[in-house]
Engineer: 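Please read through the structure below; I'll follow up with questions.
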Amino acid sequence: PFVSAARYGKDNVRVYKVHRDQATGVQTVYEMTVCCLLEGDIASSYTHADNSVVVATDTIKNTIYITAKQSPVHPPEVYAATLSSHFIEKYGHIHAAHVKVVTHRWTRMDIDGKPHPHSFLRDGEEKRTVEATARRGEGIAIDSSIQGLTVLKSTGSAFHGFLRDEYTTLPETWDRILSTDVDSTWKWARFADVKAVEKAAPQFDEAWAAARNITLKQFAEDNSASVQATMYKMCENILGAVPGVNHVEYSLPNKHYFELDLSWHKGIKNTGKDAEVYVPQSGPNGLIKCEVSRG
Ligand SMILES: O=c1[nH]c(=O)c2nn[nH]c2[nH]1
């Protein structure tokens, strides 16, 4: 037997960084959870207990903090690219570094209608995530995501005309609740190096805002014939809005809310157009995935 694939490093490294604007006194905070995994000529550490090739995971953890101190941590794409490239540049036997940066929301508080200089709130567990892979001789691949943005619409969603056979019981519907946890990823054309990523820096926040706004607008306004049809429109619009991106993918759970027949109790009408009380389901859930690429 031989090692056919291997990568190792440190996961769940929590990082906080504050920016203090000396002129205005306004402070800005960033919080993220980082995973950094290395690939390279490391098989001997598995097969021969050869630790001489091992950049200790503790060393990787230290490097995550030092890089956060010495380089920008926002946009997360720049931080992830800087960190992943460091390992290729520093260690000749490491050929790829995979960095995942999950950023958490600290939204500035508005107090009495004014943005507060140093107070923030966690307005949702939605994450902005970046995965950057620096590979020797191949530049830097960056995927950006929105994850855990939970949405619901109380109408404007239908599902009918689907295949029916002896296994099918699902009734057709022209009016249903639609709820999902948005997991949207947009994949950037490869960057040659960190300098190219830094040059592109303004595009990353713009792309995130565009992807988030397009997702919410399409979700709200589309008279949805299915999760599939609506998510395709989201992908098309993001490709149209973000030139530096060549692929967009969504993975959307269909979080069902079942109608509840209460007619057994004094003839209560609570189904179809009379439905008001529903039963939210924890599972099973539909799961609809797609990737749409620039033609
Ligand atoms: O939007 C939907 N897509 C599907 O594929 C599906 N299957 N059951 N309900 C569904 N709703």
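Every value quoted in this text rests on a predicted model; they were computed, and no experiment measured them. In each ligand, atom 1 is the first atom listed, and ligand 1 is the first ligand listed.
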Engineer: So, is Phe159 polar-close to ligand 1, with some N/O to N/O distance under 3.5 Å?
Structural biologist: no

Engineer: Counting only nitrogen or oxygen atoms and a 3.5 angstrom limit, does Ser226 reach ligand 1?
Structural biologist: no

Engineer: Does Arg294 use its side chain to pair, donor to acceptor, with the backbone of Val245 at less than 3.5 Å?
Structural biologist: yes

Engineer: Under 4.0 Å, heavy-atom basis, I'd like to know which part of Arg176 is in contact with ligand 1: side chain, backbone, both or neither.
Structural biologist: side chain

Engineer: Tell me, which protein residue and heavy-atom name are nearest atom 3 (N) of ligand 1, and how many Å apart are they?
Structural biologist: Gln228 OE1, 2.9 Å

Engineer: Side chains of Tyr257 and Leu178, heavy atoms from C-beta outward: is any pair under 4.5 Å?
Structural biologist: no

Engineer: Is the distance from the ring center of Phe204 to that of Trp188 below 6.0 Å?
Structural biologist: yes

Engineer: With heavy-atom distances below 4.0 Å as the criterion, list the atoms of ligand 1 near Val227.
Structural biologist: 1 (O), 2 (C)

Engineer: Does ligand 1 come near enough to Asn254 that some N or O of the ligand is less than 3.5 Å from an N or O of the residue?
Structural biologist: yes

Engineer: Does the separation of the ring centres of His247 and Trp186 fall below 6.0 angstrom?
Structural biologist: no

Engineer: If you round to the nearest 0.5 Å, how far is SG of Cys235 from CD of Glu249?
Structural biologist: 8.5 Å

